[in-house]
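Here is the naming used below: chain letters follow the sequence lines, and residue numbers restart at 1 for every chain. Because the structure is predicted, anything quoted here is derived from the model rather than measured. Atoms considered below: every heavy atom in the structure, side chains included; atoms not considered: hydrogens, waters and symmetry mates.
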Amino acid sequence: MAAGGTGQVFPRNIVAAAWGHDHERAGADRVDLNTVTEFAPATEATWRDGDAWLGGGTFLFSQPQPGVTRLLDLAAFDWSPVTEDADGVAIAATCTFAELARWRPSHAAFAPFAALAARCCHALLGSFKVHNVATVGGNLCLSLPAGPVTALASTMDGVVLLRGRGESRGMPAADFVTGDGRNALRPGELLTRLWLPAASLSARTAFRQLSLSPAGRSAVLVAGRRDRFADTVVTVTASTPRPVCLRFPAPPTPAEAVAALDAQRPEYLDDVHGNAAWRAAMTRRLIGEVLAELAS
Amino acid sequence: MKITVTVNAADYTRDVEPRLLLIHFLRDDLGLTGSHWGCDTSNCGACVVWLNETPVKSCTVLAVMADGQRVNTVEGLATPARLDPVQEAFAACHGLQCGFCTPGMMMTARWLLDNNPDPTEAEVREAISGQVCRCTGYENIVKSVLWAARRESGGAGAVPGLRPGEGLTGEGLPRA
């Protein structure tokens with residue numbers, strides 16, 4: 001789970017952390033987690049400053065977290081990774097990518113969602129060893145533009161359930177990520193699960209992902225769904241700092257979809273994973289491909 | 001914190017700091033230095049071990065998270081009587097040069113063959129993604145895994161991309 005669990009911007013010095021630290025010093029200090037002094041089951045602790053929720057830890061342990069003094073282990077909740085009923089599917093924050101990719105629904109109608117979920121899981125930059133540990137909640141809370149769970153949840157009209165001090169609330173997943181590394185979490189708040197309504201789980205889905213290398217970080221990710229009554233949702237992530245959701249009461253033409261995209265005046269990311277102009281062009285192209293597949 | 005971890009079928013109980021990573025617990029507290037500490041950011045894969053029979057990067061797992069769990073490391077691959085076929089394969093096909101990435105490669109390869117006894121070259125390459133090797137260019141590592149698969153299936157003969165007698169360390173060099 002994201003360190004601190006707040007709407008902070010996370011440092012991106014992953015490369016510096018990988019190659020820049022002093023192994024002589026690190027050998028004595030046990031490297032990056034040199035401020036952590038306590039580890040507690042999340043079920044038995046009350047949040048305080050310096051705490052971080054611990055899910056898979058793949059981000060938390062990958063670079064220095066100087067403000068973290070205590071880790072609250074979410075495994076203590078022992079949540080079932082994925083549960084389903086006729087109303088929809090609930091994915092626990094602690095569900096790993098491997099668990100979600102392996103999941104097969106009991107309700108046959110949810111099969112399209114399961115297929116899209118598996119594709120999104122494989123869109124995570126990381127080998128299967130990372131997929132065995134990285135969690136759905138962690139991916140949402142890290143709130144990177146390329147977070148594939150953000151794309152999945154937004155496309156499926158998912159709702160994230162948040163638990164704070166004495167209160168719980170839900171909010172649309174599409175609104176949860178507010179920017180590159182930013183989200184709507186309040187200090188001490190915990191994302192407990194992602195809820196996906198049945199109405200969207202049986203929709204036809206399509207998915208396109210583009211990156212500069214075969215298994216690289218997503219530079220453009222477009223996912224779409226078309227409901228039984230032809231309502232169409234297209235979500236753009238990875239090329240934009242936060243999800244851009246386009247909704248249409250009937251299947252749009254590519255030109256209509258691109259016009260709707262432009263009307264939202266999205267900002268395109270410009271970094272080593274792709275420049276802004278290329279991302280903008282590819283976003284338009286992939287929207288067309290997704291719509292064509294949904295119509296086929 | 002006091003933890004008990006079953007490593008290669010032996011129980012170890014130690015007092016550890018909450019921040020201690022599993023890789024350091026294995027290397028520094030248990031003296032099992034076969035697993036290597038590389039990038040410390042879950043990128044290089046030198047530290048891959050199995051946690052409850054599932055490959056993970058032990059630089060992204062705390063030792064306290066392994067409390068009560070089972071861990072398998074590269075030291076547990078061989079028996080006193082023989083090397084694991086994966087280890088044999090790395091020796092036979094020269095699947096290593098400096099050897100730094102080798103323990104993680106082997107633990108990943110062992111898991112792959114346990115779950116997919118007859119992998120394609122593409123499947124091998126996908127499995128070892130997330131394992132960085134700066135020496136071999138991966139070619140001999142892929143050949144090693146395929147060789148091990150054939151050895152375990154009872155097959156013999158050429159591995160794809162390897163001509164008979166080519167590339168097998170020591171092959172064709174009879175003792176004088």
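For the pair A:S127 and B:G130, the tightest heavy-atom approach, listed with the atom from each and the gap, is CB-CA, 3.7 Å. Nearest heavy atom pair, residue B:T60 against residue A:V133, reads O-CG1, 4.5 Å. Scanning all heavy atoms of the two residues, the minimum distance from B:R19 to A:N34 falls at NH1-CA, 2.8 Å. Scanning both residues, A:S62 and B:T41, for their nearest heavy atoms gives O-CG2, 3.1 Å.
Taking the side chain as every heavy atom from C-beta outward, B:K57 and A:V130 approach each other to under 4.5 Å. Considering only heavy atoms from C-beta on, B:E126 stays 4.5 Å or farther from A:F128 through its side chain.
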Query raised in the report: Passes side-chain contact (heavy atoms from CB on, under 4.5 Å), B:L62 versus A:L54? Steps please.
Result: CA-CA 10 Å; B:L62 291 175; A:L54 173 60; 3.9 Å; yes
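Residue-environment remark: CZ (A:R193) stays at or below the threshold of 12 foreign heavy atoms within 6.0 Å. The environment of CG in A:D49 is sparse: at most 12 heavy-atom neighbours from other residues, nucleotides or ligands sit within 6.0 Å.
Both the backbone and the side chain of B:V56 come within contact range of chain A, with heavy atoms under 4.5 Å apart. For B:I128, the part sitting under 4.5 Å from any heavy atom of chain A is the backbone (N, CA, C, O) and nothing else.
Judged by distance alone, with hydrogens and angles left aside, the side-chain atoms of A:K129 form a donor-acceptor pair with the main-chain N or O of B:S129 at under 3.5 Å. In this structure a side-chain-to-backbone donor-acceptor pair under 3.5 Å is present from A:N132 to B:P55.
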